[in-house]
Amino acid sequence: MNSCVVGLQWGDEGKGKVVDILAAKSDIVVRYAGGANAGHTVVVGDTKFALHIMPSGAIRDGVTCVIANAVVLDPEVLRGEIEGLAQRGIDLTRRLFISDNAHVVLDYHKIEDRLREDSLGNKRLGTTIRGIGPCYADKVGRSYAVRMGDFRNLDRLSETLARIVDYKNRLLAGLYGAEPIPLDPIIEKCRIHAQALCRYVVDTTEYLHTAIEAGKSILFEGAQGTLLDLDHGTFPYVTSSNSSLLGMPSGCGVSAKLVDRSVGIAKAYTTRVGEGPFPTELDNEIGQYIRERGHEYGTTTGRPRRCGWMDAVAVRYSARIGAIDEIAMMHLDTLAGLKELKICKAYRIDGKETTFFPANIDRLSLAEPVYDTLPGWEEDLRKVSRFEDLPQTAQTYVGRVEEITGKPVTVIGVGPERSETIVRT
Ligand code: IMP
């Protein structure tokens, strides 16, 4: 049984909780795209710990973690995570495999990310400044890229880095008047990264196919959300990878045909960080209420997230393009105390109603949400463990999302703890 978990909104849907539930039934957890721009909090013993690159399966004994080809890997961040987990008694020896084809994020990518964002003023994308875009750009450009397999030959890597840093310095000085980046500290850091990480570097495609043939159960863990997908999201306000389920096969070399169960995660409302259109945004006291109750502040950057009503048009689109089997709806408890709740069931664009989400932002920014208004509930849902025990209004709310999206809601988050989750059969 292989499963895939993917976000259906603009990221931060609370995938970690569902990944956690499914990881308990999996032998291997695979991260297939993105980099240290993602973030999820895991609880180890009584301490909370943020992971950005490491698949969340890391905290489960006996679960193997794979960081696949299409991840852009910041070695400094990953080493910090490996060391942090080791200090908490979690050893990843023979439990972590990193693709030799995964591209490496180095300091100059982060510098470039910041310089570009700063230079764009009100045209900035609102990136996480983790070097994601510049690293993927180097991957596509090919001539100035470094991959994890390159750490195996440090002499050759030093020559490559000399060429890259020279190119970057000319580029960044020309475009932004930036100070030159010294080469030696980058080479020195790479030596340390290589020493710490080479032991984990393998051909993960071969590893995964061997595991599949041996009948192992794999969980593919998406990062960010479908609406941030480079090709299918709200470009240019997206990340630089295929963060939808469509990125899974190319990201790790395993066909989507081999996924038996695909779960799309959506919050009971909508959030987004960074810039870009957001039809159901609530730039008012209701948005503020949701932000505070849902602790809607970024795990990676701490930025306040923009909050809005559930956009079922967007969720339906994401579920469709990923051929999602079921939806996990997180944070239902956050909506308690609101008299009325709205669900966006269609958009009005140029006077015409449509139920299809236009990912093109010129059209999306014209979209006026068409809402269903439903009564809210006052009750605290945290102790509810069966769907039938939810207030009738909460059941109706979930049912309406199922009707509009055409997908069953099989998991419902009713509180931050792992146990505060309703699993419907
Ligand atoms: P980048 O991925 O750092 O280049 O950022 C591009 C856009 O994606 C920005 O709007 C970020 O806020 C957003 N983004 C990237 N990663 C995440 C995430 O894990 N959750 C939510 N938004 C994200």
Side-chain angles (χ1 to χ4, degrees), residues 5-19 31-42 50-56 70-74 77 81 103 105 108-120 122-140 221-244 247 251 264-267 269-278 281 291 294-308 311 314 318 330-331 359 361 364:
V5 171
V6 67
L8 299 179
Q9 295 163 318
W10 279 287
D12 310 315
E13 295 90 351
K15 294 178 282 293
K17 220 177 182 194
V18 180
V19 165
R31 172 82 190 270
Y32 62 78
N37 47 353
H40 47 255
T41 310
V42 292
L51 294 177
H52 298 280
I53 296 187
M54 186 76 77
S56 27
V71 170
V72 285
L73 194 154
D74 184 330
V77 174
E81 293 181 358
H103 284 250
V105 177
Y108 49 78
H109 291 123
K110 290 177 261 190
I111 294 170
E112 193 175 343
D113 204 354
R114 178 174 298 285
L115 288 169
R116 186 182 308 173
E117 281 286 274
D118 287 351
S119 74
L120 285 169
N122 66 3
K123 292 276 183 285
R124 72 187 185 283
L125 301 176
T127 76
T128 59
I129 319 285
R130 294 298 188 271
I132 306 299
C135 184
Y136 277 118
D138 283 345
K139 167 180 169 172
V140 177
E221 178 184 357
Q224 288 89 38
T226 301
L227 303 178
L228 288 174
D229 186 288
L230 180 63
D231 292 297
H232 304 284
T234 50
F235 188 91
Y237 301 106
V238 291
T239 190
S240 299
S241 65
N242 288 117
S243 51
S244 67
I265 320 290
K267 273 193 272 216
Y269 46 92
T270 313
T271 63
R272 117 166 263 180
V273 266
E275 311 301 317
F278 180 174
E281 183 166 15
R291 183 175 308 114
H295 309 290
E296 294 296 354
Y297 294 88
T299 317
T300 302
T301 58
R303 289 180 290 180
R305 296 178 184 142
R306 299 156 66 192
C307 297
D311 187 341
S318 299
M330 310 317 285
H331 276 272
I361 62 159
L364 186 62

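On a predicted model such as this, the values are computed, not experimentally measured, just so you know. When a ligand or atom number is given, it counts from 1 through the structure's own listing order.
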* Asked: Looking only at side chains, do T128 and N37 share a donor and an acceptor under 3.5 Å apart?
  -> no
* **Ionic contact status for K267 with E13, cut-off 4.0 Å** => no
* Asked: Starting from atom 22 (N) of ligand 1, which protein heavy atom do you reach first, and at what distance in Å?
  -> V273 CG2, 3.3 Å
* Would you say G126 contacts ligand 1, with heavy atoms under 4.0 Å as the rule? -> yes
* Just heavy atoms, cut-off under 4.0 Å: does R303 contact ligand 1 by side chain, backbone, both, or neither? -> side chain
* To do: Heavy-atom distances under 4.0 Å are what count here, so tell me which part of N37 touches ligand 1: side chain, backbone, both or neither.
  => both
* Asked: Of the protein's non-hydrogen atoms, which lies at the shortest distance from atom 13 (C) of ligand 1, and what is that distance?
  -> L228 CD1, 3.9 Å
* **Under 4.0 Å to a heavy atom of W10 - the qualifying atoms of ligand 1, by number** => 21 (C), 22 (N)
* Asked: Is ligand 1 under 4.0 Å from a heavy atom in the side chain of V238, in the backbone, in both, or in neither?
  -> backbone
* Please check if the distance between the ring centroids of Y136 and H103 is under 6.0 Å. => no
* Identity and separation of the nearest protein heavy atom to atom 17 (C) of ligand 1 -> Q224 CG, 3.4 Å
* What residue and heavy atom of the protein are closest to atom 21 (C) of ligand 1, and at what distance? -> D12 OD2, 3.0 Å
* Please report which non-hydrogen protein atom sits nearest to atom 2 (O) of ligand 1, along with the residue it belongs to and the distance in Å to one decimal place. => T239 OG1, 2.6 Å
* To do: In plain terms, say whether E296 and R291 are close enough for a salt bridge, that is, a side-chain N and a carboxylate O under 4.0 Å apart.
  => no
* So is there a nitrogen or oxygen of T128 less than 3.5 Å from a nitrogen or oxygen in ligand 1? -> yes
* To do: Report the nearest protein non-hydrogen atom to atom 5 (O) of ligand 1: residue, atom name, distance rounded to 0.1 Å.
  => T127 CA, 3.4 Å
* Kindly say whether S244 contributes a backbone atom to a donor-acceptor pair with the side chain of N242 at under 3.5 angstrom? => no
* Asked: By number and element, which atoms of ligand 1 are closer than 4.0 Å to a non-hydrogen atom of G274?
  -> 10 (O)
* Ion pair D74/R130, N-O distance below 4.0 Å -> no
* To do: Decide, yes or no, whether a salt bridge links R124 with E275 under the criterion of side-chain N to carboxylate O below 4.0 Å.
  => yes
* Asked: Does the side chain of D113 come under 3.5 Å of the side chain of T127 through a donor N or O and an acceptor N or O?
  -> yes
* What do you reckon, are the aromatic ring centroids of W10 and Y237 less than 6.0 Å apart? -> no
